[in-house]
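This chain uses plain numbering: 1 for the first residue, then up along the sequence. All figures in this text were calculated on a predicted structure; none of them were measured in a lab.
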Amino acid sequence: MTAADTTTALRREVVAEHRPRRRVRPATVARYAILVLMLVLLAGPLLWQLSLALKGPGDDLYAVPPQLVPADPTLDNFAGVIDRIPVLRFVLNSVVVAALVVGGNIVLATLAGFALGRLRWRMRPVATGVFVAALLVPLEAIIIAQFLLVRSANLTDTLLGVALPMLVAPLNVLLMRNAFLGIPDELEEAAVIDGATVWQRFRRICLPQVKGVVSVVAIFAFVGAWNDFLWPLVVLSSENSYTLTVGLNYLRGTFYDDPRLIAAGTIVALVPVIVFFAALQRYFMRGLEQGGIKG
């Protein structure tokens, strides 16, 4: 090593010794602690369900402390779910309901959001207030009225009767309204000058600007329709029409109750939601920013 290299190394050591050390701020520690706590609260139940679904007969389900990693992992629980209930039929029924709900929300919520956000008409503030008020009404308060309407239309025990009350959600309408409000007026004014009609402005100018929010609406509608349990349980009466969430109730009988099978069934029901979200996740964050509530 030459004298120049030695001098350079000594300088680096001196600079490193006198360089002020970064102190960990309490606010930073608290921030990461909150993030870890949220991760445990949100991902913990999912990991525990997956652990239960993979545990074999040799695993103690009630061990203290709980064993997250199975000692005797197996896939027999998923096979047991398929043997006990007609999973494919229930999944197909849920897919039909989810497709109707997603399609209805994309079309109806988009049209209603455009009318509330871009069109000028006298009762627009009142209509917006109605949708906001609808967010405050719980399902349990109107489920009897919904059932009477569906029964009067002879749609009980049908998949259309399950999907009908969810074809348009107030939250999705308000998301689309906020997204359309965020479009600059200059774009639409230029189209008006060129002689574009309302439908042409909607289809060619406004709709391409809110594709991200449309994906958010689709995800919200799919998750809500796929995971809904109470309303399908009220409307459906025959096993052939059961959706997956209702059909999974067969895994818990009066004289037989295996937590492993129930956990495996919930994982089976979760897979389509993960796949659907993964297909649209690149539009999700952008859509949330476009549909955020503006002051």
Quiz prompt | Mutual orientation of the aromatic rings belonging to Phe114 and Phe180 [parallel < 30°, tilted 30-60°, perpendicular > 60°] | solution = perpendicular
Quiz item: Strictly by modelled atom types, are Asp76 and Thr74 linked by a side-chain donor-acceptor pair under 3.5 Å?
Solution: yes
Exercise. Heavy atoms only: give me the nearest Ala263-Ala53 pair and the separation to one decimal.
Key: CB-N, 3.8 Å
Quiz prompt | Atom of Val235, atom of Gly161 and distance for their closest heavy-atom approach | solution = CG1-C, 4.4 Å
Quiz item: Do the non-hydrogen side-chain atoms of Ile267 and Leu46 ever get within less than 4.5 Å of each other?
Solution: yes
Quiz item: Under a 4.5 Å cut-off applied to non-hydrogen side-chain atoms, are Ile262 and Leu248 in contact?
Solution: no
Quiz item: Which word best sums up how the rings of Trp226 and Phe222 line up, parallel for under 30°, tilted for 30 to 60°, or perpendicular for over 60°?
Solution: parallel
Exercise. Side-chain contact test, heavy atoms from C-beta onward, threshold under 4.5 Å: evaluate it for Trp231 versus Gln146 and give yes or no.
Key: yes
Quiz item: Which atom names give the shortest non-hydrogen contact between Leu261 and Asn77, and what distance separates them?
Solution: CD2-O, 3.3 Å
Self-check item: Leu116 reachable from Trp199 in the ILVMFWY side-chain graph, under 4.5 Å edges
Solution: yes
Quiz item: For the residue pair Thr243 and Pro232, what are the closest heavy atoms and their distance?
Solution: OG1-CB, 3.8 Å
Practice problem: Look at the side-chain heavy atoms of Ile, Leu, Val, Met, Phe, Trp and Tyr, link any pair under 4.5 Å apart, and say whether Leu148 and Met166 land in one connected group. | Solution: yes
Quiz item: Are Leu136 and Phe131 connected, step by step, through hydrophobic side chains (Ile, Leu, Val, Met, Phe, Trp, Tyr) whose heavy atoms are closer than 4.5 Å?
Solution: no
Self-check item: Basic-acidic side-chain contact under 4.0 Å: Arg118, Asp185
Solution: yes
Quiz prompt | For Leu159 against Ser241, the heavy-atom pair lying closest together | solution = CD2-O, 3.5 Å
Exercise. Establish whether Leu233 and Leu149 are linked, either directly or via other cluster members, by ILVMFWY side-chain heavy-atom contacts under 4.5 Å.
Key: no
Practice problem: List the atom of Ala169, the atom of Asn105, and the distance in Å for their closest heavy-atom pair. | Solution: N-OD1, 3.0 Å
Quiz item: Do Leu37 and Ile34 touch side chain to side chain, with heavy atoms closer than 4.5 Å?
Solution: no
Quiz item: Are any of the side-chain heavy atoms of Phe78 and Leu54 separated by less than 4.5 Å?
Solution: yes
Quiz item: Any chance OH of Tyr32 has more than 12 other-residue heavy atoms, nucleotides or ligands included, within less than 6.0 Å?
Solution: no
Quiz item: Going by heavy atoms in the side chains, are Ile106 and Val214 under 4.5 Å from each other?
Solution: yes
Practice problem: Give a yes or no on whether Leu174 and Trp121 share a hydrophobic cluster (residues Ile, Leu, Val, Met, Phe, Trp, Tyr; joining criterion: side-chain heavy atoms under 4.5 Å apart). | Solution: yes
Self-check item: Steps toward side chain to side chain contact (heavy atoms under 4.5 Å, CB included) verdict (Arg89, Asn93)
Solution: CA-CA 6 Å; Arg89 182 193 305 161; Asn93 293 338; 4.1 Å; yes
Quiz item: Taking side chain as C-beta onward, heavy atoms only, is Arg124 less than 4.5 Å from Leu119?
Solution: no
Self-check item: Side-chain touch Leu236/Val162, heavy atoms, less than 4.5 angstrom
Solution: yes
Quiz item: Do other residues, nucleotides or ligands put more than 12 heavy atoms under 6.0 Å from the CD1 atom of Ile144?
Solution: no
